[in-house]
Amino acid sequence: GAVVSQHPSWVICKSGTSVKIECRSLDFQATTMFWYRQFPKQSLMLMATSNEGSKATYEQGVEKDKFLINHASLTLSTLTVTSAHPEDSSFYICSATRSGEGAYEQYFGPGTRLTVT
Amino acid sequence: AQKITQTQPGMFVQEKEAVTLDCTYDTSDPSYGLFWYKQPSSGEMIFLIYQGSYDQQNATEGRYSLNFQKARKSANLVISASQLGDSAMYFCAMRENAGGTSYGKLTFGQGTILTVHP
């Protein structure tokens with residue numbers, strides 16, 4: 001159990017367009033979902049924390065108007081990169097914690113590789 | 001200041017040998033958790049092992065063990081009997097429980113690339 005999926009696994013888009021990435025917990029309800037960004041051979045940087053039914057909490061330096069996060073249900077969170085530019089090209093990973101647990105473990109999705117041309 | 005520090009950008013080990021990946025952390029929170037994740041070239045994050053700050057014993061999971069030295073604020077990962085499939089990036093991470101709020105926010109170290117030679 002505790003499987004998290006992401007869709008799409010990779011996407012190429014043109015500069016100026018918007019891209020939506022979905023993160024789903026397949027076999028559990030996720031109280032909280034997290035969105036990370038990772039550049040090649042670097043660490044994961046937390047972008048935002050989203051709780052179902054409430055506004056996401058963004059980390060310092062992350063533009064909330066550019067990276068729109070919607071946690072519509074206990075099994076789905078979406079990240080929309082608006083007006084994407086080449087510098088937004090990165091590996092985006094989501095994770096989720098189960099409802100009712102003391103946040104012992106985060107379950108990670110397989111990641112989405114975004115390339116903006 | 002860095003909350004999680006991994007000082008080894010890259011490590012090499014011979015197959016079947018043991019290897020230690022270093023991790024030091026900084027927190028004033030008495031309640032925290034330390035994690036190690038493996039990230040192969042595919043990008044997925046694989047959970048390896050967890051150590052809670054109040055755990056008396058060092059955590060072990062199969063070939064993985066965590067050398068937890070609380071006074072030194074270190075949480076090194078030991079991989080015994082290395083296998084070729086262990087070649088990957090390894091991340092140390094910490095979850096703090098400031099004020100009793102434990103919603104699981106993790107802070108990651110810079111990572112260590114481990115290469116296992118045959």
Side-chain angles (χ1 to χ4, degrees), chain A residues 1-6 8-10 21 23 25 28 30-52 54 56-60 62 71 90-115, chain B residues 2-11 21 23 25 29 31-55 59 61 87-115:
Chain A
V3 178
V4 176
S5 71
Q6 275 185 247
S9 54
W10 60 270
I21 302 170
C23 176
S25 55
F28 67 99
T31 312
T32 305
M33 288 184 168
F34 303 87
W35 287 96
Y36 297 88
R37 182 175 182 175
Q38 184 182 30
F39 292 109
K41 293 198 179 354
Q42 293 190 22
S43 186
L44 278 73
M45 299 301 296
L46 180 65
M47 299 175 66
T49 303
S50 79
N51 293 291
E52 184 261 340
S54 61
T57 302
Y58 290 82
E59 295 299 301
Q60 194 172 8
V62 177
H71 195 153
S90 188
F91 191 57
Y92 293 87
I93 309 175
C94 73
S95 70
T97 55
R98 288 187 203 253
S99 301
E101 283 191 10
Y104 173 92
E105 182 179 344
Q106 287 187 21
Y107 304 97
F108 284 84
T112 296
R113 199 164 300 280
L114 169 64
T115 302
Chain B
Q2 283 276 24
K3 287 197 170 184
I4 292 278
T5 303
Q6 294 179 253
T7 57
Q8 306 155 315
M11 287 287 284
L21 306 184
C23 173
Y25 60 92
D29 194 335
S31 178
Y32 53 90
L34 297 158
F35 300 76
W36 276 94
Y37 289 90
K38 172 184 177 182
Q39 187 181 41
S41 57
S42 60
E44 61 182 314
M45 294 291 285
I46 301 169
F47 166 74
L48 296 178
I49 199 166
Y50 168 81
Q51 180 87 40
S53 59
Y54 293 120
D55 293 343
E61 288 286 349
S87 293
M89 185 98 153
Y90 288 79
F91 290 100
C92 180
M94 177 172 66
R95 167 179 55 84
E96 295 170 288
N97 292 342
T101 302
S102 86
Y103 54 81
K105 180 176 172 178
L106 290 176
T107 303
F108 285 85
Q110 306 92 319
T112 297
I113 298 175
L114 175 67
T115 304

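Everything quoted here is computed from the prediction, not taken from an experiment. Proteins get letters first, then strands, A, B, ... in listed order; numbering begins at 1 in each.
Atom-to-atom distance recorded for Glu44(B):CD and Phe108(A):CZ is 12.0 Å, nearest 0.5 angstrom. The distance from atom CD of Gln106(A) to atom OH of Tyr37(B), rounded to the nearest 0.5 Å, is 5.5 Å. Remark: Ser95(A) OG to Leu106(B) CG distance equals 7.0 Å, nearest 0.5 Å.
Residue contact with chain A, scored on non-hydrogen atoms closer than 4.5 Å, involves the side chain of Gln39(B) exclusively. With a threshold of 4.5 angstrom between heavy atoms, Leu44(A) approaches chain B through its backbone and through its side chain. Within the 4.5 angstrom heavy-atom criterion, no atom of Gln6(A) approaches chain B. At a 4.5 Å heavy-atom cutoff, the contact between Met45(B) and chain A is made by backbone and side-chain atoms alike. No part of Ile46(B) comes within reach of chain A, as not one of its non-hydrogen atoms sits under 4.5 angstrom from that chain.
Nearest approach of Gly43(B) to Phe91(A), heavy atoms of both residues: O-CE2, 3.5 Å. Shortest non-hydrogen contact noted between Phe91(B) and Ser43(A) is CE2-CA, 3.6 Å.
Within 6.0 Å of atom CE in Met11(B), more than 12 heavy atoms from other residues, nucleotides or ligands are found, so the atom counts as buried in its surroundings.
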